[in-house]
Amino acid sequence: GHLRINGHPLAQAGTDEVEDFGRTLAQLDLGQGGGPDIQELTGPPGKEPATEAPPKETPKEEVTAALSPQAGAASRTIRLSDQVLTGDFTQDPASGWVSGTGQVVWNNGNRYEGRLVKGMREGKGRFSWPNGSKYSGDWVADAPNGRGVLEFGNGDRYEGDVKNGVPHGQGTMKFGNGSMYTGAWSNGHQDGQGTLRFASGDSYAGAWLSGRHHGKGRYTWTNGTYWEGEFKEDRTTENGKTVFPDGRTEAGAAVRPTGR
């Protein structure tokens, strides 16, 4: 999408400006790597990516008894070359897969707290990045899938449906500058029906396609004037009208800008 106000993107990741929320998400790394890696997640604790064979590395292990709240459980520390796992973990000696519940800390500062099943993040879990960004919610097949909350270091916050680490389904994005979008998402972009309320007080409600106003919708300014009709790639068209607070109407494309 291309959410902009006065020509500036609403979402940013650190110091790198991005054009849309999808690109913001792409700056995040959900594994042991150091660069963008949202679609092809790097290997979880104890394994390489799913397409690769289990690791051959022999872990260095420390076991400290009676630290777990569960009766009889032990807190186990497994040290690998790029990560340290601490909690109620076990490692299959034949395959190398790690299973259990606890915390994983990567050398680059990434951190995961939750459950592992055969080396894959499953169930409820929390992931945090050194820049302050966080994800908390459902994990399926080693990726954020289900319902969750994404928080960014710049103050942006998304809550809703997530698929493979990006908004997909229904959800709300609150931007750090005060703007807020609620509605449908597809692969990290606003897509379907939704409402964007700008920090300025303006709002758009209607159809979206790939992050843009596209289809039937209404843009309302703070003084009560609104334009409704058919939008195409963020722009009003001749197939619509402006309605003023006093009831007057003006057919055609809107003269006033629409917040972009």
Checklist entry - Are the side chain of W227 and the backbone N or O of G252 linked by a donor-acceptor pair below 3.5 Å? => result yes

Next on the checklist: Give me the atom names and distance for the closest heavy-atom approach of S75 to T86.
Outcome noted: OG-CG2, 3.8 Å

Checklist entry - With under 30° as parallel and over 60° as perpendicular, where do the rings of Y112 and F127 fit, or are they tilted in between? => result tilted

Checklist entry - Is the backbone N or O of W129 less than 3.5 Å from a side-chain atom of N110, with the two atoms forming a donor-acceptor pair by type? => result no

Next on the checklist: Are the side chains of K232 and H214 in contact, using a 4.5 Å heavy-atom criterion?
Outcome noted: yes

Next on the checklist: Does the plane of the ring in Y219 sit parallel, tilted or perpendicular to the ring in H213? Use 30° and 60° as the thresholds.
Outcome noted: tilted

Checklist entry - CG/N145 to CD/E122 distance, rounded to the nearest 0.5 angstrom? => result 9.0 Å

Checklist entry - Looking only at atom types and distance, does a side-chain atom of T222 sit under 3.5 Å from a main-chain N or O of G201, one as donor and one as acceptor? => result no

Checklist entry - If you look at every heavy atom in G192 and A184, which pair is closest and at what distance? => result CA-CB, 4.0 Å

Checklist entry - With no hydrogens and no angle check, is any side-chain donor or acceptor of D82 less than 3.5 Å from a backbone partner on N108? => result no

Next on the checklist: So, taking the atom named OG1 in T220 and the one named CZ in R197, what distance separates them when rounded to the nearest 0.5 Å?
Outcome noted: 9.0 Å

Next on the checklist: Between R147 and D138, is the salt bridge (charged side-chain N to carboxylate O under 4.0 Å, His left out) condition met? List the steps.
Outcome noted: CA-CA 6 Å; R147 296 280 297 180; D138 298 329; over 6 Å; no

Next on the checklist: Looking only at the aromatic ring of each residue, does the gap between the centers of F231 and Y204 stay below 6.0 angstrom?
Outcome noted: yes

Next on the checklist: Is there a side-chain contact between E151 and S133 in this structure, where contact means two heavy atoms from C-beta onward sitting under 4.5 Å apart?
Outcome noted: no

Item to check | Smallest separation among heavy atoms of D92 and S95, with atom names | outcome: OD2-N, 2.7 Å

Next on the checklist: Count I, L, V, M, F, W, Y as connected when their side-chain heavy atoms are under 4.5 Å apart, and connections chain through other members. Are F198 and Y226 then in the same cluster?
Outcome noted: no

Checklist entry - Near R157 CZ, under 6.0 Å, is it more than 12 heavy atoms from other residues, nucleotides or ligands? => result yes

Checklist entry - Do Q190 and W185 touch side chain to side chain, with heavy atoms closer than 4.5 Å? => result yes

Item to check | Smallest separation among heavy atoms of W106 and R121, with atom names | outcome: CH2-NH1, 4.0 Å

Checklist entry - What is the ring orientation for Y181 with W208, classed by angle as parallel under 30°, tilted 30 to 60°, or perpendicular over 60°? => result perpendicular

Checklist entry - Considering all heavy atoms of both residues, which atom of Y158 and which atom of P167 are nearest to each other, and what is their separation? => result CZ-CB, 3.4 Å

Item to check | Derivation of the salt bridge (charged side-chain N to carboxylate O under 4.0 Å, His left out) call for D156 and K174 | outcome: CA-CA 6 Å; D156 294 350; K174 294 181 179 179; over 6 Å; no

Item to check | Result of checking T90, T101, V104 against L116 for side-chain contact (heavy atoms from CB on, under 4.5 Å) | outcome: V104

Checklist entry - Do T242 and T225 come close enough that some side-chain heavy atom pair is under 4.5 Å? => result yes

Item to check | Residue list, side chain to side chain donor-acceptor pair (under 3.5 Å) with R115, at least two apart or on another chain | outcome: none

Next on the checklist: As an exercise, state the distance from OG of S186 to NZ of K163, rounded to the nearest 0.5 Å.
Outcome noted: 8.0 Å

Item to check | Non-neighbouring partners of D191 that pass salt bridge (Lys or Arg N to Asp or Glu O under 4.0 Å), sequence neighbours left out | outcome: none

Item to check | Minimum heavy-atom distance between P245 and G224, given as atom pair plus value | outcome: CG-C, 4.1 Å

Checklist entry - Would you say the side chain of H168 lies within less than 4.5 Å of the side chain of D161, judging by non-hydrogen atoms? => result no

Checklist entry - Going by heavy atoms in the side chains, are E250 and K241 under 4.5 Å from each other? => result no

Next on the checklist: For N239 and T237, which I'm curious about, is there any donor-acceptor pair between the side chains at under 3.5 Å?
Outcome noted: no

Next on the checklist: For E113, give me all partners under salt bridge (Lys or Arg N to Asp or Glu O under 4.0 Å), at least two apart in sequence or on another chain.
Outcome noted: R126

Item to check | Inter-residue atom distance N187.CG - N164.CG, 0.5 Å rounding | outcome: 8.5 Å

Item to check | W221 side, atom CH2; S203 side, atom OG - distance, nearest 0.5 Å | outcome: 10.0 Å

Checklist entry - Measuring from L85:CG to R76:CZ, what's the distance to the nearest 0.5 Å? => result 11.5 Å

Item to check | Pairwise side-chain contact, F89 with S99, heavy-atom cut-off 4.5 Å (strictly under) | outcome: no

